[in-house]
Protein chains: 2
Amino acid sequence: MEGYTKTEEKIIEAATEIFLEKGKDGARMQEIAERAGINKALLHYYFRNKKNLHSEVFKKEVQNFFDGLFSAMSSEKDFEAVLQNFINSYIDKLAQRPEIIRFIIWEIQQGSGFFADLMEEIFKEHHFLKMPLAEKIEEAISVGRIRSLDPVQLTFSIIGMCVFPFIASPILEKVFRDTQIYSETFLKKRKEEIFNMVWNGISI
Amino acid sequence: MEGYTKTEEKIIEAATEIFLEKGKDGARMQEIAERAGINKALLHYYFRNKKNLHSEVFKKEVQNFFDGLFSAMSSEKDFEAVLQNFINSYIDKLAQRPEIIRFIIWEIQQGSGFFADLMEEIFKEHHFLKMPLAEKIEEAISVGRIRSLDPVQLTFSIIGMCVFPFIASPILEKVFRDTQIYSETFLKKRKEEIFNMVWNGISI
DNA sequence: GTCTATACATCGATAGAC
DNA sequence: GTCTATCGATGTATAGAC
């Protein structure tokens with residue numbers, strides 16, 4: 001981590017774990033302090049209050065997630081490769097940090113607009129106008145690579161298919177006792193399934 | 001609501017609103033009492049503690065959501081109709097109560113297993129063995145109505161596509177200023193888009 | 001059943017010594 | 001920068017009058 005002192009790093013690290021696990025309201029400053037090996041007073045010395053600390057952690061996590069994702073996208077390639085790559089990257093990223101979904105969903109529906117602003121910022125950093133994948137889809141349509149459809153709708157569909165297994169993993173692993181969501185074989189199969197479904201549905 | 005006294009009803013109603021909006025940890029018993037027009041003591045008289053009240057509300061909401069959904073499914077029809085019907089019902093249900101997604105996701109990832117148990121119970125009530133849609137897909141494959149594929153994977157895909165727009169609605173309406181997720185036209189278009197994507201991808 | 005009053009714990013945040 | 005001690009607010013929960 002750059003730009004942080006040793007103590008700040010320890011705090012951020014501890015706060016990330018606790019906020020991801022318990023959420024903003026469920027998290028306790030006391031617990032964060034303990035896990036960081038310091039005391040509450042020092043938390044406030046560095047981050048002033050809980051809201052602030054949470055924002056810092058949230059911003060870092062979201063940026064980290066999407067930076068990796070979008071930087072893998074920017075290179076110009078054939079749309080089939082772009083699609084394949086997007087699905088693979090998204091699933092791999094989610095498998096690394098599945099807790100981030102709940103984190104983001106909570107913040108989104110809080111209605112603060114904080115996440116939306118953050119995303120806009122990240123889009124700009126990567127020189128996208130709005131949603132990266134939607135732009136690529138538009139391109140592919142205009143050059144006749146795929147059939148004409150609503151790029152936004154397709155983007156929703158692809159992301160939805162990628163995200164859902166991670167949202168539902170605890171139930172799914174219970175209902176289907178032999179399904180291990182985080183296993184290499186499942187992830188590979190999932191990637192193929194999404195790609196096939198989409199490509200069958202949109203290719204000319 | 002059946003089986004509740006007038007006061008219990010008022011409490012459940014108020015608690016539902018507050019829990020859906022602020023979550024289990026963010027909700028305050030004081031606020032629930034005020035909205036119900038009673039005092040804190042009476043909350044504990046009827047529901048003993050916060051955890052209990054939250055469970056009650058959660059169970060009621062989940063049952064209400066899936067009961068409506070599954071009872072619309074049980075009748076035997078051609079798979080194309082079943083699929084169409086499932087997508088339509090799911091989207092309509094979500095449009096009615098979008099807050100339930102966050103509610104459920106939070107509970108799922110809490111790892112208590114409460115939601116999984118609840119779902120199993122609901123499946124049984126409707127005489128399904130595991131996941132309703134997955135069973136219908138298996139049938140359709142075995143009679144050669146659709147191509148052979150993993151029913152669980154397809155189920156994930158369909159639900160993911162239905163749910164995602166509601167998860168992301170606040171950002172989407174910001175990024176695409178002209179997109180009104182809850183408008184009749186958007187919902188209709190979304191249903192068609194999902195059905196077409198799936199049907200193109202699986203029909204023989 | 002419903003209220004007021006209050007016990008008791010714990011929270012986020014701060015003051016002040018070092 | 002880091003600590004101890006503590007404040008004031010607020011949280012859940014209960015006791016006891018009506």
Side-chain angles (χ1 to χ4, degrees), chain A residues 1-61 99 102-103 106-107 110-112 114, chain B residues 1-61 99 102-103 106-107 110-112 114:
Chain A
M1 288 186 269
E2 338 78 49
Y4 289 124
T5 68
K6 262 273 178 290
T7 307
E8 279 172 318
E9 262 185 45
K10 281 195 303 181
I11 294 173
I12 290 274
E13 204 172 315
T16 302
E17 286 175 28
I18 307 247
F19 278 132
L20 278 174
E21 186 190 342
K22 313 210 166 167
K24 185 158 136 192
D25 294 318
R28 297 295 153 218
M29 295 297 267
Q30 176 64 38
E31 198 181 351
I32 294 173
E34 276 167 20
R35 187 160 315 187
I38 53 156
N39 56 65
K40 278 192 296 177
L42 213 53
L43 280 187
H44 288 86
Y45 173 77
Y46 279 108
F47 294 94
R48 204 172 80 250
N49 58 39
K50 189 181 181 180
K51 189 172 180 297
N52 215 18
L53 178 57
H54 179 265
S55 296
E56 210 79 20
V57 167
F58 184 77
K59 191 172 174 176
K60 200 197 93 240
E61 283 296 304
E99 310 94 338
R102 179 168 71 159
F103 206 44
W106 195 259
E107 191 63 31
Q110 210 71 348
S112 71
F114 182 55
Chain B
M1 285 186 269
E2 337 80 51
Y4 289 125
T5 68
K6 263 275 178 287
T7 307
E8 279 173 318
E9 260 184 46
K10 281 194 303 181
I11 294 173
I12 290 273
E13 203 173 316
T16 302
E17 285 174 27
I18 307 241
F19 278 133
L20 278 174
E21 185 190 342
K22 314 211 165 164
K24 185 160 139 189
D25 294 318
R28 298 294 151 217
M29 295 296 266
Q30 177 63 41
E31 198 180 351
I32 293 173
E34 276 167 19
R35 187 162 314 189
I38 53 154
N39 57 64
K40 282 190 291 177
L42 214 52
L43 280 187
H44 288 87
Y45 173 77
Y46 279 108
F47 294 94
R48 206 173 78 249
N49 57 40
K50 189 181 180 181
K51 189 173 180 297
N52 216 17
L53 178 57
H54 179 265
S55 297
E56 211 79 19
V57 167
F58 185 76
K59 191 171 174 177
K60 201 197 92 239
E61 283 296 304
E99 311 94 337
R102 179 169 72 160
F103 206 45
W106 195 258
E107 191 64 30
Q110 209 72 348
S112 70
F114 182 55

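The shown structure was predicted, so the numbers you read here are calculated from the model rather than taken from an experiment. Side chains included, hydrogens not; waters and symmetry mates left out as well; all remaining heavy atoms used.
Here A:His44 reaches the OP1 or OP2 of C:dA13: one of its side-chain N or O atoms lies under 4.0 Å away.
By the salt bridge (charged side-chain N to carboxylate O under 4.0 Å, His left out) test, A:Glu56 is found to be paired with no residue, residues two or more places apart in sequence or in another chain being considered. For A:Arg35, the side chain to side chain donor-acceptor pair (under 3.5 Å) test picks out A:Glu17, with sequence neighbours left out. A:Arg48 pairs by the side chain to side chain donor-acceptor pair (under 3.5 Å) definition with nothing, not counting sequence neighbours. Legend: residues meeting salt bridge (charged side-chain N to carboxylate O under 4.0 Å, His left out) with B:Lys22, ordered by chain and number and at least two apart, are B:Glu31. For B:Thr7, there are no side chain to side chain donor-acceptor pair (under 3.5 Å) partners, not counting sequence neighbours. By the salt bridge (charged side-chain N to carboxylate O under 4.0 Å, His left out) test, A:Glu34 pairs with no residue at all, sequence neighbours left out. The side-chain contact (heavy atoms from CB on, under 4.5 Å) test applied to A:Asn49 returns A:Lys51, A:Asn52, not counting sequence neighbours. Residues meeting the ring pair (Phe, Tyr, Trp, His ring centres under 6.0 Å) test with A:Phe114, sequence neighbours left out: A:Phe58. For A:Glu8, the salt bridge (charged side-chain N to carboxylate O under 4.0 Å, His left out) criterion is met by no residue, not counting sequence neighbours.
Whole-Å rounding puts the B:Leu43 CG to C:dT4 P distance at 13 Å.
Across residues 3-38 of chain B, B:Thr7, B:Ile38 each have a non-hydrogen atom less than 4.0 Å from an atom of DNA chain C (numbered order).
Side-chain contact check for A:Ser112 and A:Glu107: at least one donor-acceptor pair (N or O, by modelled atom type) lies under 3.5 Å.
Using a 4.0 Å heavy-atom criterion, one finds that A:Tyr46 contacts the sugar-phosphate atoms exclusively.
Rounded to 10°, the helix from C:dG1-D:dC18 to C:dC18-D:dG1 has 10° between the axis fitted to its first five pairs and the one fitted to its last five.
When DNA chain D is scanned 5' to 3' for any atom under 4.0 Å from a heavy atom of chain A, the first and last hits are D:dG1 to D:dT4.
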